[in-house]
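The first residue in the sequence is number 1, and the count goes up from there.
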Amino acid sequence: MTVLEYLRDEARRTGTKEGCAEGDCGACTVLVGELAADGSRVDYRAVNSCIRFLATIDGHELVTVESLSGPDGRLHPVQRAMVDHHASQCGFCTPGFVMSLFGLYLQSSTPDRDQVLDAVSGNLCRCTGYRPIIDAGTAMARYPAPDTWSRTAPLEDSRRAALRALRRTVSLRLPGFVAPTTLAALAEALEREPDALILAGGTDVGLWVTKHLRELSSIVYLGAVAELKHVRRTASGLEVGAAVSLADGWAALVALHPALAEQAQRFGSVPVRNSGTLCGNLANGSPIGDAIPVLLALGAELELRRGAQTRRVPLDEFYLGYKRKDLAPGEFIVSVRVPAPQPGCRVASYKWSKRCEQDISAVCAAFAVQVQDGRVGAVRLAFGGMAAVAARARAAERSLLGAAWNQASVDQAAARLAEDFQPMTDLRATGEYRLKVAANLLRRFHLEQTGNGHITRAGAAVEGPAV
């Protein structure tokens with residue numbers, strides 16, 4: 001059962017709507033509150049209830065559009081702003097927009113237009129148009145603070161106490177579902193049932209149920225294991241646990257490499273990034289999983305565990321073929337580790353898709369090039385959408401390694417991409433187009449890093465100074 005099914009069929013909270021049943025339209029958006037590890041606050045995050053399984057929010061607070069109005073029925077500032085700015089017509093999508101904006105309301109006292117756009121990036125409206133909704137989002141903070149659900153709500157003692165009381169000391173067990181609370185218990189559960197489905201964020205698995213109508217096998221959920229929710233930054237690099245959300249995982253990567261900020265923002269909507277996990281994206285192994293090329297370029301490795309045994313595998317050795325991974329039955333990802341940046345290393349990632357927002361990549365490229373005295377001392381070039389798995393471009397790397405960091409060397413490396421990949425043709429792009437895009441993204445990276453060109457908003461490289 002999904003959270004949406006529970007709300008509409010059991011709780012009769014029908015303000016939450018089903019639009020797409022795949023996490024794309026945002027009509028089903030709700031907020032899930034989780035007590036921070038140190039107990040100091042409740043973290044509220046917008047999620048898609050249509051693809052979130054109900055059992056995964058055990059011990060959490062669930063906030064719907066019905067939760068926002070005061071005891072006397074007075075509208076919340078987010079709702080009031082939507083009314084005053086005429087931001088609703090048919091109203092079907094409106095509860096989802098309200099909840100996405102409410103998530104931003106709790107986080108920012110002065111949200112600007114860019115923050116509003118990001119907050120509603122996963123919400124679609126077919127009749128109102130987005131201008132009045134954006135206006136409401138930028139205005140909502142100017143209304144008087146409500147008696148309920150003010151920005152101090154995440155700090156309220158009563159809410160924190162209620163969530164502390166809900167914390168489990170033993171695993172949640174339901175027919176066909178177990179949520180271990182410790183790493184040892186997780187390893188034991190998977191050793192006992194090695195063919196069980198490992199569930200993390202569910203942003204892909206949810207569609208198996210809502211769209212494919214599949215009956216799932218026995219599920220082992222790793223989201224209740226506190227030991228897997230760590231993000232550690234050390235002198236040697238970054239470690240991100242398997243239960244860390246995409247939102248937090250990408251934030252940690254951007255802190256390490258600020259050039260990845262745009263890629264992080266374009267990786268799904270806010271609700272998708274809040275539910276999905278970074279390691280889940282890696283474990284999925286999709287050829288168009290946009291986190292994989294980035295982490296391939298950065299030289300990441302995985303920590304795997306089976307029973308009491310652990311091992312480390314470089315990410316570029318983990319994928320054996322389409323949906324095939326170096327992962328034994330009962331083995332699972334504990335964390336992904338990213339080396340610390342090296343002096344002189346230039347990093348960038350590009351997502352090429354038909355739409356800027358909420359689209360699957362035709363090509364995703366990520367580059368890490370270390371330049372010393374004008375020559376390439378180390379290079380990792382990774383691409384998604386070019387083969388059955390995301391992979392490094394080994395021939396192009398060999399061409400660049402030791403060469404001068406100039407346009408001629410980059411052009412030679414770009415030509416070698418045809419040795420690395422024979423891209424397929426599908427509904428997103430032809431193979432020929434993909435190969436041309438991949439080559440031009442490498443040229444774009446060089447132009448941006450050397451300052452010899454200017455990249456226009458449309459994404460074309462223009463010789464000469466920036467204009």
Quiz item: If we only count heavy atoms from C-beta on, is the Val389 to Pro287 side-chain gap below 4.5 Å?
Solution: no
Quiz item: Can a salt bridge be assigned to the pair Asp426 and Arg434 using a cut-off of 4.0 Å between side-chain N and carboxylate O?
Solution: yes
Quiz prompt | Distance-minimising heavy-atom pair for Ala27 and Gly19 | solution = CB-N, 4.2 Å
Quiz item: Okay, side chain of Ser100, backbone of Gly96: is any donor-acceptor separation there less than 3.5 Å?
Solution: yes
Exercise. Check side chain to side chain contact (heavy atoms under 4.5 Å, CB included) between Asp114 and all other residues, then give those that pass, not counting sequence neighbours.
Key: Asp112, Leu117
Quiz prompt | Tyr105 side-chain N/O to Met140 backbone N/O, donor-acceptor pair under 3.5 Å | solution = no
Quiz item: Which atom pair, heavy atoms only, marks the closest approach of Val98 to Gln79?
Solution: CG1-CG, 3.9 Å
Quiz prompt | Within residues 80-89 or reaching into it, pairs that qualify as side chain to side chain donor-acceptor pair (under 3.5 Å) - sequence neighbours excluded | solution = Arg80-Asp84, Asp84-Tyr143, Ser88-Thr94
Quiz prompt | side chain to side chain contact (heavy atoms under 4.5 Å, CB included) between Phe383 and Val363, worked out | solution = CA-CA 7 Å; Phe383 293 88; Val363 177; 4.2 Å; yes
Practice problem: Please tell me if the side chains of Leu197 and Val220 come closer than 4.5 Å, counting only heavy atoms from C-beta onward. | Solution: no
Quiz item: Ile292 and Ser286: which non-hydrogen atoms are nearest, and at how many Å?
Solution: CD1-O, 3.6 Å
Exercise. Please examine the side chains of Leu172 and Phe177, heavy atoms only from C-beta on, and report whether any two atoms are closer than 4.5 Å.
Key: yes
Quiz prompt | All side chain to side chain donor-acceptor pair (under 3.5 Å) counterparts of Ser67, not counting sequence neighbours | solution = Arg13
Exercise. Side-chain contact test, heavy atoms from C-beta onward, threshold under 4.5 Å: evaluate it for Thr169 versus Thr181 and give yes or no.
Key: no
Quiz item: Can you say whether the rings of Phe102 and His76 are parallel (under 30°), tilted (30 to 60°) or perpendicular (over 60°)?
Solution: perpendicular
Quiz item: Counting N and O atoms only, with roles assigned by atom type, does the side chain of Glu18 sit under 3.5 Å from a partner on the main chain of Leu4, one being a donor and the other an acceptor?
Solution: no
Exercise. For Ala184, check side chain to side chain contact (heavy atoms under 4.5 Å, CB included) against everything at least two apart and list the hits.
Key: Thr182, Arg305
Quiz item: Pick from Leu106, Val47, Thr64: which one makes a side-chain contact (heavy atoms from CB on, under 4.5 Å) with Leu31?
Solution: Leu106
Quiz item: Please walk me through it: do Lys354 and Asp359 pass salt bridge (Lys or Arg N to Asp or Glu O under 4.0 Å)?
Solution: CA-CA 7 Å; Lys354 291 184 177 180; Asp359 202 3; over 6 Å; no
Quiz item: Which atoms form the tightest heavy-atom contact between Pro111 and Ser109, and what is the distance?
Solution: CD-C, 3.6 Å
Practice problem: Output every pair passing salt bridge (charged side-chain N to carboxylate O under 4.0 Å, His left out) with a member in residues 221-247, not counting sequence neighbours, ordered by first then second residue. | Solution: Glu34-Lys229, Arg232-Glu239, Glu239-Arg337
Exercise. Test Val63 against Val32 for side chain to side chain contact (heavy atoms under 4.5 Å, CB included), laying out the working first.
Key: CA-CA 6 Å; Val63 187; Val32 172; over 6 Å; no
Practice problem: Provide the full list of side chain to side chain donor-acceptor pair (under 3.5 Å) pairs with a residue in residues 206-224, sequence neighbours left out, each pair given once. | Solution: Glu193-Ser218
Quiz item: Measuring from Leu216:CG to Ile219:CD1, what's the distance to the nearest 0.5 Å?
Solution: 4.5 Å
Self-check item: salt bridge (Lys or Arg N to Asp or Glu O under 4.0 Å) between Arg160 and Glu156, worked out
Solution: CA-CA 6 Å; Arg160 290 185 291 153; Glu156 289 176 4; over 6 Å; no
Quiz item: Can you check whether Val347 reaches Phe367 side chain to side chain, under 4.5 Å on heavy atoms?
Solution: no
Quiz item: If only atom types and distance count, is the side chain of Asn123 paired as donor or acceptor with the main-chain N or O of Gly26 below 3.5 Å?
Solution: yes
Self-check item: Heavy-atom side-chain contact between Thr2 and Leu7 under 4.5 Å
Solution: no
Exercise. With sequence neighbours excluded, give me every salt bridge (charged side-chain N to carboxylate O under 4.0 Å, His left out) pair touching residues 121-146.
Key: Arg131-Asp135
Donor-acceptor list for residues 50-61 side chains, cut-off 3.5 Å, not counting sequence neighbours:
| from | atom 1 | to | atom 2 | distance (Å) |
| --- | --- | --- | --- | --- |
| Arg52 | NE | Thr56 | OG1 | 2.8 |
| Arg52 | NH1 | Ser275 | OG | 3.0 |
| Thr56 | OG1 | Phe53 | O | 2.6 |
| Asp58 | OD2 | Arg168 | NE | 2.6 |
| His60 | ND1 | Ile57 | O | 3.4 |
| His60 | ND1 | Asp58 | O | 2.9 |
| Glu61 | OE1 | Tyr44 | OH | 2.6 |
| Glu61 | OE2 | Arg159 | NE | 3.4 |

Quiz item: side chain to side chain contact (heavy atoms under 4.5 Å, CB included) with Val272: which residues, sequence neighbours excluded?
Solution: Asn48, Thr203, Ser269
Quiz item: Does the side chain of Ser353 pick up a donor-acceptor pair with the side chain of Arg266 at under 3.5 Å?
Solution: yes
Self-check item: Arg45: side chain to side chain contact (heavy atoms under 4.5 Å, CB included) partners, not counting sequence neighbours
Solution: Ser245, Ala247, Asp248, Asn274
Quiz prompt | Under 3.5 Å: donor-acceptor pair, side chain of Lys325, backbone of Tyr322 | solution = no
Quiz item: Where do Ser121 and Val270 land on the side chain to side chain contact (heavy atoms under 4.5 Å, CB included) test, with the steps shown first?
Solution: CA-CA 7 Å; Ser121 62; Val270 170; 4.3 Å; yes
Quiz item: Is it true that a side-chain atom of Arg306 and a backbone atom of Glu191 form a donor plus acceptor pair closer than 3.5 Å?
Solution: no
Exercise. Check for a donor-acceptor pair, side chain of Ser361 on one end and backbone N or O of Cys364 on the other, with a separation under 3.5 Å.
Key: no
Self-check item: Side chain to side chain, His230 and Val244, heavy atoms closer than 4.5 Å
Solution: no
Self-check item: Sidechain-backbone polar pair: Arg8 side chain, Thr16 backbone, donor-acceptor under 3.5 Å
Solution: yes
Self-check item: Pairwise side-chain contact, Phe318 with Leu282, heavy-atom cut-off 4.5 Å (strictly under)
Solution: no
Quiz item: What pairs meet the salt bridge (charged side-chain N to carboxylate O under 4.0 Å, His left out) rule with one or both residues in residues 169-183, with sequence neighbours excluded?
Solution: none
Quiz prompt | Phe92 and Phe97: CA distance, side-chain angles, deciding distance, ring pair (Phe, Tyr, Trp, His ring centres under 6.0 Å) verdict | solution = CA-CA 10 Å; Phe92 191 88; Phe97 274 100; over 10 Å; no
Self-check item: Spacing of CG belonging to Leu302 relative to CD belonging to Glu331, to within rounding of 0.5 Å
Solution: 10.0 Å
Self-check item: Full working for side chain to side chain contact (heavy atoms under 4.5 Å, CB included) between Glu301 and Val313
Solution: CA-CA 5 Å; Glu301 68 174 9; Val313 177; over 6 Å; no
Quiz item: Looking at CG of Asp38 and CZ of Arg41, how far apart are the two atoms once the value is rounded to the nearest 0.5 Å?
Solution: 9.5 Å
Self-check item: Where at least one partner belongs to residues 269-286, residue pairs that pass salt bridge (charged side-chain N to carboxylate O under 4.0 Å, His left out), sequence neighbours excluded
Solution: Asp118-Arg273
